[in-house]
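The structure under discussion appears below in the form of structure tokens.
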There are 2 protein chains.
Amino acid sequence: MLSVATWNINSVRLRLPLVQRYLAEHAPDILCLQEIKCQEDQFPAQALAEMGYEHQAICGQKGYHGVATVSRVPIREITRHDWQDNGEARHVGIEVVGRDLFLENVYVPAGGDVPDREVNVKFGQKLDFLERMARWADSVDKPTLIVGDFNVAPLESDVWSHKQLLKVVSHTPIEVEALDRFRHAHGWVDIGREHVPHPERYYSWWSYRSPDWKKNDRGRRLDHMWASPALAAQARSHGVLEEARNWEKPSDHVPLVTGFDV
Amino acid sequence: MLSVATWNINSVRLRLPLVQRYLAEHAPDILCLQEIKCQEDQFPAQALAEMGYEHQAICGQKGYHGVATVSRVPIREITRHDWQDNGEARHVGIEVVGRDLFLENVYVPAGGDVPDREVNVKFGQKLDFLERMARWADSVDKPTLIVGDFNVAPLESDVWSHKQLLKVVSHTPIEVEALDRFRHAHGWVDIGREHVPHPERYYSWWSYRSPDWKKNDRGRRLDHMWASPALAAQARSHGVLEEARNWEKPSDHVPLVTGFDV
DNA sequence: GCAGGACGGG
DNA sequence: CCCGTCCTGC
């Protein structure tokens with residue numbers, strides 16, 4: 001068995017205690033973090049190594065974005081794709097040593113406020129990012145798991161109100177289509193939805209701005225775990241730790257985890 | 001008996017727990033705070049009222065400076081002097097109801113880095129502030145206690161190194177002379193030095209920048225309690241709570257307290 | 001070394 | 001609402 005988790009942590013330095021709590025209580029074999037918001041030399045490498053996560057692949061930058069994959073089992077860093085070609089730290093790819101398993105940790109751009117590439121360059125960059133990921137996915141020929149904050153909630157049951165979010169970045173048809181092209185480019189299996197099928201409610205993010213997140217439950221599923229078909233067939237368990245949204249000084253995202261029989 | 005305390009708190013919102021701890025453990029009748037760093041409607045009035053300090057005179061502004069006097073015994077706000085005439089919240093004067101006692105809570109400007117009014121306007125403003133306080137003091141004709149952060153350490157034993165601080169703002173001869181003029185203008189009695197006579201070491205502030213503040217002990221006496229002569233004769237006790245500098249997330253100043261037989 | 005504020009970003 | 005960074009002030 002191998003368990004892999006993904007969590008947009010929204011500053012790993014500020015939320016190191018939460019990461020430690022999650023690792024202590026749930027002990028995944030591998031944890032993929034997004035939005036670490038620090039440079040590599042500022043990453044709390046030692047604190048996580050002391051908890052057994054001594055194998056680490058960190059791709060950071062100053063202030064924004066940044067991803068890190070930490071592991072209890074040996075991993076080898078393979079790639080750092082720059083799908084925007086602008087130097088932003090949004091991906092790190094590793095191989096799980098001796099298991100014929102590749103793990104891609106990605107943080108897709110949020111895309112700004114206005115869902116129109118003519119008036120909002122960030123929205124265009126997000127679509128371009130997804131198109132380039134699709135082109136890359138087309139060439140993937142190894143058992144691969146790609147996880148992270150995709151910043152798109154594709155299904156109606158991935159958002160608290162399909163109707164009210166149709167023109168809100170993360171749930172617009174043009175983004176969903178781009179994400180679909182990316183998924184079909186490799187035949188990725190959406191593990192989350194294998195285990196929590198549509199039309200069941202499935203969210204991984206609740207905005208800080210909406211108070212009483214639990215009562216109002218205005219969530220979205222922005223975080224995903226997608227696997228190559230053969231690998232997806234080996235997924236045995238999947239979970240969403242909603243309670244982490246209630247921890248002290250929480251991230252606005254919660255961790256997802258999948259257990260594989262590999 | 002009536003006990004009066006003064007404390008530069010360096011943001012009362014951030015350090016409300018420390019104020020509460022001080023009030024719970026030492027229970028002065030009146031506490032004068034400086035550098036509350038908030039507007040009046042942001043002052044934690046209710047939390048302090050719940051501890052019995054329901055009588056409050058608050059003079060605040062956005063972000064900087066600001067003073068507040070909170071009391072367990074009835075007080076009446078009398079004045080808000082603007083000795084710089086620039087709108088900064090640096091003083092509030094109250095009367096202790098039924099005791100013929102006036103209490104002035106003041107935060108003198110720090111004065112910038114360079115002790116030269118030609119090149120540093122803030123230094124000039126500080127000297128002007130002290131001169132205007134002197135003019136005001138000349139007209140004080142009631143039993144008055146003036147306390148607060150005067151931002152001047154007048155005596156050699158008020159600083160960790162007289163020689164090394166002679167050209168450092170807070171201990172320059174020109175500031176000491178201005179403070180002396182202010183003191184003589186009313187015949188104020190320096191209560192701190194009545195109880196801890198020169199040349200005994202007496203500090204109330206240790207910079208955040210100097211690490212190991214306790215070991216290196218690079219302190220200064222910037223906070224003072226001065227009384228009209230007749231009132232000073234009724235002072236029965238005086239204390240400096242140095243241990244407060246070691247509390248969690250401390251202010252760089254510590255509280256002073258004086259007990260009066262009034 | 002630590003405050004608060006203003007900014008850009010989510 | 002909550003990050004980081006940069007700025008000012010002490």
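Worth knowing before you read on, the calculation uses all heavy atoms, side chains too, and leaves out hydrogens, waters and symmetry mates. Throughout, a chain's letter reflects where its sequence line sits, starting with A, and its residues are numbered from 1.
OP1 or OP2 of dC2(D) has not a single side-chain nitrogen or oxygen of R15(A) nearer than 4.0 Å. Contact annotation: S11(A) reaches the phosphate of dG4(D) (side-chain N/O to OP1 or OP2, under 4.0 Å).
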Sequence-aligned protein contact record of nucleotides 5-10 of chain D, with B where the base is within under 4.0 Å of a protein heavy atom and S where only the sugar-phosphate is = SS-BSB
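Between the P atom of dC1(D) and the CZ atom of R218(A) lies a distance of 14 Å, rounded to the nearest Å. Across the protein-nucleic acid pair, Q61(A) atom CD and dC3(D) atom P stand 19 Å apart, rounded to whole Å. Between L16(B) atom CG and dA3(C) atom P the separation is 14 Å, expressed in whole Å. dC2(C) atom C1' lies 14 Å from atom CG of L18(B), rounded to whole Å. Rounded to whole angstrom, the span from the CH2 atom of W247(B) across to the C1' atom of dC2(C) amounts to 19 Å. If you take CH2 of W205(A) and P of dC2(D), they are 13 Å apart, rounded to a whole angstrom.
Atoms CG and CD1, from L33(A) and I58(A) in turn, are 10.0 Å apart once rounded to the nearest 0.5 Å.
In this structure, the side-chain contact (heavy atoms from CB on, under 4.5 Å) partners of A134(B), at least two apart in sequence or on a different chain, are F182(B), A185(B). Scored by the side-chain contact (heavy atoms from CB on, under 4.5 Å) test, R201(B) finds Y203(B), W206(B), D217(B), E242(B) as partners (sequence neighbours excluded). With sequence neighbours excluded, the residues forming a side-chain hydrogen bond (donor to acceptor under 3.5 Å, both in side chains) with R80(B) are E40(B), E77(B), listed by chain and number. By the salt bridge (charged side-chain N to carboxylate O under 4.0 Å, His left out) test, R13(A) pairs with no residue at all, sequence neighbours left out. The side-chain contact (heavy atoms from CB on, under 4.5 Å) test applied to V176(A) returns V152(A), P154(A), D180(A), not counting sequence neighbours.
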